[in-house]
Amino acid sequence: MSIMSIGNCEVVLQVFSRAVSQISGSDLSFRNSDSVCPTTFLIKCIKRRALRHMNNFKCSSMIRSHIGVSLFNSVGFGKIGNLLNNRSQHLTCECQHAESGGGVTTEDGNGTWFVESTKKLNLNGLVTNPNVLGFEDIQQLKSKDGLMSNRSVGIGRDAFHNAAVNSIENEAWDLLRESVVYYCGSPIGTIAANDPTSSSVLNYDQVFIRDFIPSGIAFLLKGEYDIVRNFILHTLQLQSWEKTMDCHSPGQGLMPASFKVRTVPLDGDDSATEEVLDPDFGEAAIGRVAPVDSGLWWIILLRAYGKCSNDLSVQERVDVQTGIKMILRLCLADGFDMFPTLLVTDGSCMIDRRMGIHGHPLEIQALFYSALLCAREMLTPEDGSADLIRALNNRLVALSFHIREYYWIDLRKLNEIYRYKTEEYSYDAVNKFNIYPDQISPWLVEWMPNKGGYLIGNLQPAHMDFRFFSLGNLWSIVSGVVTNDQSHAILDLIEAKWTDLVADMPFKICYPALDGQEWQIVTGSDPKNTPWSYHNAGSWPTLLWQLTVACIKMNRPEIATRAVEVAEKRISQDKWPEYYDTKRARFIGKQARLFQTWSIAGYLVAKLLLADPSAAKVLITEEDSELVNAFTCMISANPRRKRGRKNLKQTYIV
Ligand code: GLC
């Protein structure tokens with residue numbers, strides 16, 4: 001039983017008896033929690049140098065189980081240290097090329113990547129797909145319709161349209177498959193971008209956790225489960241990899257932002273090489289940003305895998321259960337925070353550069369809530385987890401309350417803020433965060449539609465970031481951290497602001513752009529994030545899939561269909577760019593990669609889900625009755641709502 005104090009009202013939350021019924025309690029610090037170590041295995045794929053250029057692998061593997069070794073030391077769930085970091089203690093995967101291979105994989109010049117490569121290159125080195133009919137081709141064909149009768153024009157037009165759409169989808173599938181990265185001969189993820197025109201690769205040749213999510217969902221929806229299973233299990237191994245930056249290592253449980261398959265000489269054997277997975281937790285990333293979203297996405301994908309494949313054995317594995325708990329512990333660890341939202345540095349999510357989103361950015365909160373709900377579904381109750389599950393449940397309630405109450409903005413709320421009193425020292429202040437009404441940005445006064453609303457980007461003491469951040473708003477709908485009415489209102493706003501948020505290519509990452517002095521101060525004059533480019537209100541086709549899931553959840557798929565149609569006009573001809581620039585998304589982004597995998601996969605997921613909306617349930621989470629009850633108690637205990645009701649001293653058993 002935990003006690004939450006709200007204003008002068010003590011709410012006793014004896015929440016979620018279901019989840020904890022079989023578990024005995026202990027203290028909230030999680031210190032004694034697990035006595036079981038995951039069955040960890042790290043994979044090395046060893047191969048003879050002389051055989052490097054041949055095709056198939058045969059792998060023999062050996063699993064060394066560490067069950068029974070205590071994972072967590074007396075400083076809480078501290079460093080797992082050498083146990084997990086000593087590569088040689090883990091699964092060794094000896095790979096020999098089969099002489100007679102059928103060419104499933106090929107190797108690039110560095111011998112590093114194993115990517116199916118069936119692309120055809122034209123003389124400029126650009127990838128071409130002879131099968132794709134662009135929309136312009138269709139228009140030309142249509143103009144020849146002039147000679148046809150009206151009826152046959154109609155039929156012909158539909159047929160052309162369908163043919164064009166099918167060819168775009170086929171091309172997308174081909175490209176997605178070409179982006180697959182192999183490790184020891186097995187598919188393990190997808191490369192971030194496969195752009196033959198780009199001179200500087202940076203880390204776009206890596207498998208990014210967040211980028212793989214739409215790829216993974218596309219494969220799941222196609223019934224191809226292996227790649228997702230491999231991805232989940234291999235990234236799990238990386239979770240505990242000790243990485244340091246200037247002698248400091250991040251918290252255990254952090255998932256990497258990305259990883260690369262490297263081929264390195266085998267110790268002590270000049271004639272052989274081995275493959276290793278090399279993760280980047282941010283210690284090499286531009287700006288050294290921490291990928292807070294990675295672990296949250298990992299949990300969401302794990303649940304989707306179980307739901308799609310009906311293979312619950314993965315989520316039930318001891319090492320996977322431990323992995324989930326490590327992520328949760330990292331997120332739920334006590335700190336200095338006053339708010340239930342996760343406190344993070346700038347650039348800790350899809351926007352992985354300085355963009356003024358440090359603090360409590362909406363995207364992280366929506367993913368956090370989603371991951372908590374998914375984890376709650378998957379955790380197998382056992383001794384030692386009671387405190388974790390209790391903390392998780394309490395956090396769910398507090399988080400949804402906080403987001404619904406304090407992040408929500410519509411015309412009515414805006415007017416309320418406009419008339420806020422400030423400097424309220426009291427437990428029942430209305431303007432809890434001491435927001436000065438002058439902060440209301442002039443653009444917002446004009447922009448806020450009469451019908452609709454949205455969640456602001458960030459909330460801090462005396463600071464509201466009024467920018468509209470798309471992923472955060474869309475995933476808030478999907479996860480149910482907002483109410484049903486709020487979810488509809490967000491979609492109402494998207495419809496009302498179509499020309500700002502979709503225009504010529506869905507979907508603006510945020511709105512509006514930071515400009516002038518604000519851009520200088522907030523981004524540090526970042527030349528990549530100039531107004532209406534990249535993270536600063538650029539348009540990202542990958543966001544199509546999150547839009548589609550949100551629309552399907554609210555039974556308004558027509559909004560997503562419209563957006564997909566906008567994308568289909570250009571995306572294939574433009575070679576699947578990472579992002580678009582300008583206010584109306586008219587230009588391919590200045591530094592955008594072409595053949596960006598999550599642009600391709602995002603489109604495919606949107607198409608697959610619109611064709612079978614019921615499949616979206618693998619990503620959607622709903623509030624259950626226990627959460628609703630707990631939430632109702634908090635709402636009625638909120639001082640802002642109970643003004644005038646004196647001496648409320650209630651105890652809620654939820
Ligand atoms: C950029 C994006 C990031 C993405 C990465 C790889 O850094 O901001 O969200 O994961 O590219 O595509």
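Whatever order the structure lists ligands and atoms in, that order sets their numbers, starting from 1. Predicted model, so just to flag it, every value in this text is computed and none were measured.
Y182 and I188 get closest at one heavy-atom pair: C-CG2, 4.2 Å.
With respect to the salt-bridge test (charged N to carboxylate O, under 4.0 angstrom), the residues R177 and E224 qualify.
The shortest separation from a heavy atom of Q206 to ligand 1 is not under 4.0 Å, leaving the residue out of contact. Not a single heavy atom of R353 sits closer than 4.0 Å to an atom of ligand 1. Not close to ligand 1: R593, with no non-hydrogen atom less than 4.0 angstrom away.
Looking at atom 7 (O) of ligand 1, its nearest protein heavy atom turns out to be D352 OD2, 2.7 Å. The shortest contact between atom 12 (O) of ligand 1 and any protein heavy atom is with D211 OD2, 2.5 Å. The protein non-hydrogen atom at the shortest distance from atom 9 (O) of ligand 1 is M350 O, 2.7 Å. Closest to atom 5 (C) of ligand 1 among all protein heavy atoms lies F208 CE2, 3.9 Å. Closest to atom 1 (C) of ligand 1 among all protein heavy atoms lies Y534 OH, 3.3 Å.
When heavy-atom distances to ligand 1 are checked against a 4.0 Å cut-off, Y579 has no atom that comes that close, whether in backbone or side chain. At a heavy-atom cutoff of 4.0 Å, ligand 1 is contacted by the side chain of Q596 but not by its backbone.
Around atom CZ of R288, more than 12 heavy atoms belonging to other residues, nucleotides or ligands sit under 6.0 Å away. At most 12 non-hydrogen atoms from other residues, nucleotides or ligands lie less than 6.0 angstrom from CZ of F587.
Using a 4.0 Å cut-off to heavy atoms of E578, the atoms of ligand 1 that qualify are 1 (C), 11 (O).
Between F212 and W598, the ring centre distance reaches or exceeds 6.0 Å. Checked against the 6.0 Å centroid threshold, W540 and Y579 count as a close aromatic pair. In this structure, Y511 has its ring center under 6.0 Å from that of W532.
Between the side chains of S479 and W475, no donor-acceptor pair is found at a separation under 3.5 Å.
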